[in-house]
Number of protein chains: 2
Amino acid sequence: MDFLDFEKKVDTTDIAYVIDGFNKGTIKDGDKVTLKGTIHRIKEMSGFAFVNIRTSRMVFQCVWEDGKSNITAEGFKDFSCEECVIIDGTIIAEERSRLGFDVRIDDMKRISGRAAVLPIEISNDRKIDKLNLNTLLDNRVIALRNPKIRAIMRVCDGVMYSFREFLRQEGFTEFVPPKMVESGAEGGADMFEVDYFGKKAYLNQSPQMYKQIMVGVFQKAYTVGPVFRAEKFSTNRHINEFQGLDLEMGFIDSFEDLMDLEARMFVFMFKTLNEQYSAELEMFLGRGNRLPELTKFPKIKFMDAKKLFADAHPGEVGIKALNEPDFAPEEEKWLGEYFLKEHNCPIVFVTHYPSVKRPFYAMDDPENKNFTLSYDMLLNGLEVTTGGQRIHDYEMQVAKMKSRGMNVDDFEDYLTMHKYGMPPHGGMGLGLERIVQNLLGLDNIKKATAFPRDRDRLRP
Amino acid sequence: MDFLDFEKKVDTTDIAYVIDGFNKGTIKDGDKVTLKGTIHRIKEMSGFAFVNIRTSRMVFQCVWEDGKSNITAEGFKDFSCEECVIIDGTIIAEERSRLGFDVRIDDMKRISGRAAVLPIEISNDRKIDKLNLNTLLDNRVIALRNPKIRAIMRVCDGVMYSFREFLRQEGFTEFVPPKMVESGAEGGADMFEVDYFGKKAYLNQSPQMYKQIMVGVFQKAYTVGPVFRAEKFSTNRHINEFQGLDLEMGFIDSFEDLMDLEARMFVFMFKTLNEQYSAELEMFLGRGNRLPELTKFPKIKFMDAKKLFADAHPGEVGIKALNEPDFAPEEEKWLGEYFLKEHNCPIVFVTHYPSVKRPFYAMDDPENKNFTLSYDMLLNGLEVTTGGQRIHDYEMQVAKMKSRGMNVDDFEDYLTMHKYGMPPHGGMGLGLERIVQNLLGLDNIKKATAFPRDRDRLRP
């Protein structure tokens with residue numbers, strides 16, 4: 001029997017420690033350091049080589065020079081990409097280096113090797129960009145090691161963190177809804193069936209019912225987790241398993257409260273990404289670029305947005321589109337461009353969607369029952385959020401279900417909360433991958449998730 | 001077109017605002033306030049009543065007195081539990097009140113009502129405690145509103161927050177593994193089958209493969225999400241869908257690094273819960289009580305723990321148990337009691353579990369191949385974590401699979417990472433519900449999850 005020595009130790013073999021020391025002046029030109037990492041790329045010249053070492057957040061440059069190292073030219077040839085190494089090195093101040101220094105390799109030892117030649121060259125962004133999506137996804141296990149691809153995954157981390165941290169500061173409580181359910185909140189279509197000890201169960205296509213239930217418990221509740229949709233779509237915006245960011249809040253005065261909350265959430269998110277994920281953003285937005293500062297959020301009623309588009313497109317699709325209860329993708333795109341041009345806003349809230357296109361739990365606008373107290377949030381001309389006020393009154397909910405020809409008995413669990421009292425409430429759902437695809441300008445949503453699932457893909 | 005007014009407004013109808021004002025002296029005896037909440041309980045006497053109002057984090061007391069309120073005795077009878085109300089009130093300083101004041105009801109309006117009488121009395125903890133578990137779970141939608149039951153859910157929030165926040169501070173990145181998979185990382189048993197567009201898929205029973213893959217990407221990675229086990233157990237410690245807290249880290253020097261990390265994580269978690277969730281803890285630990293301060297963590301080898309138990313139980317089950325490659329529940333329980341008594345530690349790390357009881361990816365102890373570089377963490381005599389070092393070398397992993405008679409071809413995705421280089425690494429998995437059950441002393445794990453799933457339960 002013994003006791004753990006659980007004091008946190010400083011990892012002096014981490015490049016972050018060395019960079020910090022170099023900036024503070026405690027580590028200087030000529031100092032000896034020991035560093036760990038993975039060989040990302042070797043660029044060899046005669047008697048000389050740049051060895052790029054990848055660590056958890058960056059790639060830094062080491063220099064090997066024949067005769068100035070314990071590693072001979074012969075020995076150096078033994079090393080290759082994706083091997084994990086420990087390096088004894090010397091700091092060489094170098095103004096042209098991004099860090100202000102290179103590390104000269106005095107000695108290098110293999111911590112672990114690899115057993116095969118890589119099928120794709122993950123250290124070369126240009127070659128990676130030229131590969132087709134299926135090749136990238138088939139080789140996902142190692143493609144994710146490419147710094148630009150992993151930067152996408154890091155931005156996913158940043159968006160999830162921002163969502164949770166903001167809501168926590170706002171007094172929300174996280175909860176965990178079940179994923180295996182007896183039936184779907186929104187009806188049975190598009191659900192994956194599960195063999196549940198010989199009975200039929202389904203994978204939940206939305207935490208809608210559960211987050212509303214939790215409003216009765218915590219008033220303000222959120223959840224982050226997988227959502228399953230057995231949709232047969234094959235577009236660049238659909239995957240069959242995505243990460244849902246869902247919240248619901250009670251005692252709202254109006255559905256405007258939800259948009260206000262979301263606006264502040266996106267201010268927080270953009271700020272967090274700009275401050276803590278700048279290196280990752282730059283790989284997609286360009287050196288020195290950041291997400292825009294969000295200072296105002298336009299809102300426009302659905303029908304007004306329809307008219308705005310129609311007026312700008314006389315004699316075109318406009319008139320026909322006016323009768324449609326939803327936007328066509330080109331309308332959303334145009335709206336995004338319009339508000340960016342006119343108001344310098346990448347975000348616009350479109351409110352009062354037609355009732356026929358909204359779910360049975362949407363609260364109708366008391367001023368015009370054909371429309372709902374709901375909204376979509378468009379980011380750069382693409383819908384990333386649907387939100388709105390829900391019906392909280394039992395009788396009103398039952399009546400709306402009946403008017404839609406729904407069987408009220410199928411929704412016993414759902415209606416239990418209404419039956420025993422619910423405050424006025426509403427909420428919203430965001431798709432992690434949609435946001436990240438959008439922010440980074442990715443041409444396919446599958447690039448915004450580590451291990452995408454589509455009709456044909458269940459691996460890795 | 002208009003712009004959102006998204007400045008955050010102070011909610012003056014929140015009891016937290018009033019408490020803060022009362023403590024600062026800006027709100028005083030006799031001041032008028034307006035408050036929103038749900039009627040939790042009404043205790044009526046002749047011409048007088050206590051009206052307990054439930055809000056997101058607490059229950060506070062209002063007082064109605066006939067003749068001192070716009071609400072007549074007749075009108076007051078109309079109100080009942082679980083209705084949402086807005087109250088115009090007067091602050092009455094009251095030393096006997098926990099807050100230092102009561103709120104006298106000058107006027108009260110219903111924001112929303114309820115449509116039926118509650119099937120269980122959720123405002124009475126003693127009655128709730130006497131209900132059997134199935135009744136509580138059948139009525140889960142409203143049972144969760146009981147302050148003691150929702151406190152459990154709040155502690156779940158605290159544990160998830162602590163896990164993520166600690167790891168974020170330690171440089172870990174969150175990732176999202178898929179839940180629908182083609183085959184299981186640990187073999188096909190105990191998996192739920194999904195109809196995936198006519199093909200067979202499974203719900204993942206562990207993010208093991210994915211978190212190891214992400215070590216090759218981020219070096220330090222974690223995920224929080226649902227884990228599915230089609231186990232036919234029916235114990236007080238098993239559910240079929242639980243929330244997994246999983247992490248994996250690379251470039252470790254030894255598996256002791258994992259235990260050190262976990263020890264510091266539990267120090268952080270206990271501290272966070274004690275500081276930010278004290279009201280919730282007190283409902284289970286008793287008024288004024290907190291989780292113990294963690295100052296040391298004993299570790300003991302599996303075989304030494306076996307001997308310790310055997311020596312303390314001469315002639316009993318001890319000798320027989322010595323030959324078993326795992327602990328019996330009574331051994332874990334005794335170890336928990338022993339270390340609490342001898343060292344005042346609720347936590348003990350048991351290391352070097354027998355290879356036969358550990359998965360194929362566990363790294364064997366080079367000093368004795370019959371044991372592994374792995375551990376279990378016991379909290380109050382119950383296992384809440386399994387962790388350990390993994391095999392990172394391709395050839396070594398293939399050899400161990402073959403020695404177990406496994407078909408290496410079935411693990412192509414798994415072995416891809418090893419093939420192309422992996423640092424020495426290890427990780428651990430924790431079950432959210434097990435931890436919460438344990439910390440709060442709950443007699444059944446189903447109480448530690450909002451919507452439990454067992455063999456017979458898929459609702460609500």
Side-chain angles (χ1 to χ4, degrees), chain A residues 1-4 6 36 56 82-84 112 114-116 118 141-142 144-145 150 157 160 173-176 178-180 182 192-195 197 201 213 216-219 226 241 243 251 259-260 263-264 296-300 392 394 413 416-417 419-421 423 450-451 453 455 458-460, chain B residues 1-4 6 36 56 82-84 112 114-116 118 141-142 144-145 150 157 160 173-176 178-180 182 192-195 197 201 213 216-219 226 241 243 251 259-260 263-264 296-300 392 394 413 416-417 419-421 423 450-451 453 455 458-460:
Chain A
M1 211 281 295
D2 202 353
F3 291 97
L4 276 179
F6 66 97
K36 284 180 187 167
S56 80
E82 294 308 304
E83 292 184 326
C84 300
S112 72
R114 61 173 169 81
L118 271 68
V141 174
I142 54 166
L144 286 167
R145 298 179 186 180
R150 80 171 178 180
D157 164 277
M160 288 190 284
T173 302
E174 183 178 9
F175 75 100
V176 183
K179 302 301 166 198
M180 295 186 292
E182 196 175 79
F192 288 107
E193 190 182 307
V194 180
D195 176 1
F197 299 115
I213 288 172
V217 178
F218 296 134
Q219 289 186 8
E241 180 179 335
Q243 188 77 346
F251 287 97
M259 294 190 285
D260 287 349
R264 287 186 289 115
K296 53 184 177 179
F297 295 88
K299 58 178 177 179
I300 182 169
H392 60 273
Y394 177 75
D413 286 336
T416 298
M417 61 178 141
K419 198 180 275 179
Y420 302 118
F451 305 98
R453 292 295 178 253
R455 281 184 71 181
L458 273 166
R459 288 175 54 193
Chain B
M1 209 282 295
D2 201 354
F3 291 98
L4 276 181
F6 66 98
K36 284 180 189 167
S56 80
E82 295 307 306
E83 293 184 327
C84 300
S112 72
R114 61 173 167 81
L118 272 69
V141 173
I142 52 166
L144 286 166
R145 298 180 185 179
R150 80 171 179 181
D157 164 276
M160 288 189 285
T173 301
E174 183 178 9
F175 76 100
V176 183
K179 301 301 165 195
M180 294 186 294
E182 197 174 79
F192 288 107
E193 190 182 306
V194 180
D195 175 1
F197 300 114
I213 288 172
V217 179
F218 295 133
Q219 289 185 8
E241 180 178 336
Q243 187 76 347
F251 288 97
M259 293 190 285
D260 287 350
R264 286 186 290 114
K296 54 184 178 179
F297 294 87
K299 57 177 178 179
I300 183 170
H392 59 273
Y394 178 75
D413 287 335
T416 298
M417 62 178 140
K419 199 180 273 179
Y420 302 118
F451 304 99
R453 292 295 178 251
R455 281 183 71 180
L458 273 165
R459 288 174 56 194

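Throughout, protein chains are lettered first and strands after them, A, B, ... in sequence-line order, and every chain is numbered starting at 1.
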Verdict with reasoning, A:Met160 to B:Val176, per side chain to side chain contact (heavy atoms under 4.5 Å, CB included): CA-CA 10 Å; A:Met160 288 190 284; B:Val176 183; 3.7 Å; yes
Taking [options] one by one, which has the highest count of heavy-atom pairs under 4.5 Å against chain B?
{"options": "A:Lys179, A:Arg114, A:Lys299", "value": "A:Lys299"}
{"options": "A:Glu174, A:Lys36, A:Glu82, A:Glu83", "value": "A:Glu174"}
{"options": "A:Pro178, A:Pro423, A:Ala263", "value": "A:Pro178"}
{"options": "A:His392, A:Arg459, A:Met259", "value": "A:Arg459"}

Please look at [X] and chain A and tell me whether the side chain, the backbone, both or neither of the residue comes under 4.5 angstrom of a heavy atom of that chain.
{"X": "B:Pro226", "answer": "side chain"}
{"X": "B:Phe451", "answer": "both"}
{"X": "B:Leu118", "answer": "both"}
{"X": "B:Gln243", "answer": "side chain"}

message: Counting only non-hydrogen atoms closer than 4.5 Å, does A:Tyr394 touch chain B with its backbone (N, CA, C, O), its side chain (CB onward), both, or neither?
response: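 Side chain only.
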- request: Under 4.5 Å heavy-atom distance to chain B, tell me which part of A:Ile142 shows up: side chain, backbone, both or neither.
  value: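 Contact with chain B is through the side chain of A:Ile142 alone.
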message: Nearest 0.5 Å, please: how far is CD1 in A:Ile300 from CZ in B:Phe3?
response: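 Going from the CZ atom of B:Phe3 to the CD1 atom of A:Ile300 covers 10.5 Å.
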- request: Give, for atom CG of A:Asp2 and atom NZ of B:Lys296, the distance between the pair rounded to the nearest 0.5 Å.
  value: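 It comes to 11.5 Å.
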query: Do the side chains of B:Phe192 and A:Met180 get nearer than 4.5 Å, heavy atoms only?
result: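 In contact.
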B:Thr173 side chain near A:Arg150 side chain, heavy-atom distance below 4.5 Å: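 No, side chains not in contact.
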- request: Locate the shortest heavy-atom distance separating A:Leu458 from B:Ala201; write the atom from each residue and the value.
  value: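 That closest heavy-atom pairing would be CD1-CB, 3.8 Å.
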field: Shortest non-hydrogen separation from A:Asp413 to B:Val141 and the atoms involved
entry: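 That would be O-CG2, 4.2 Å.
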field: Ring centre gap for B:Phe175 and B:Phe218 strictly below 6.0 Å
entry: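 Distance test on ring centres: not under 6.0 Å, no.
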message: For chain A, which candidate among B:Met417, B:Met1, B:Glu241, B:Glu193 shows the most heavy-atom pairs at distances under 4.5 Å?
response: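 The answer is B:Glu241.
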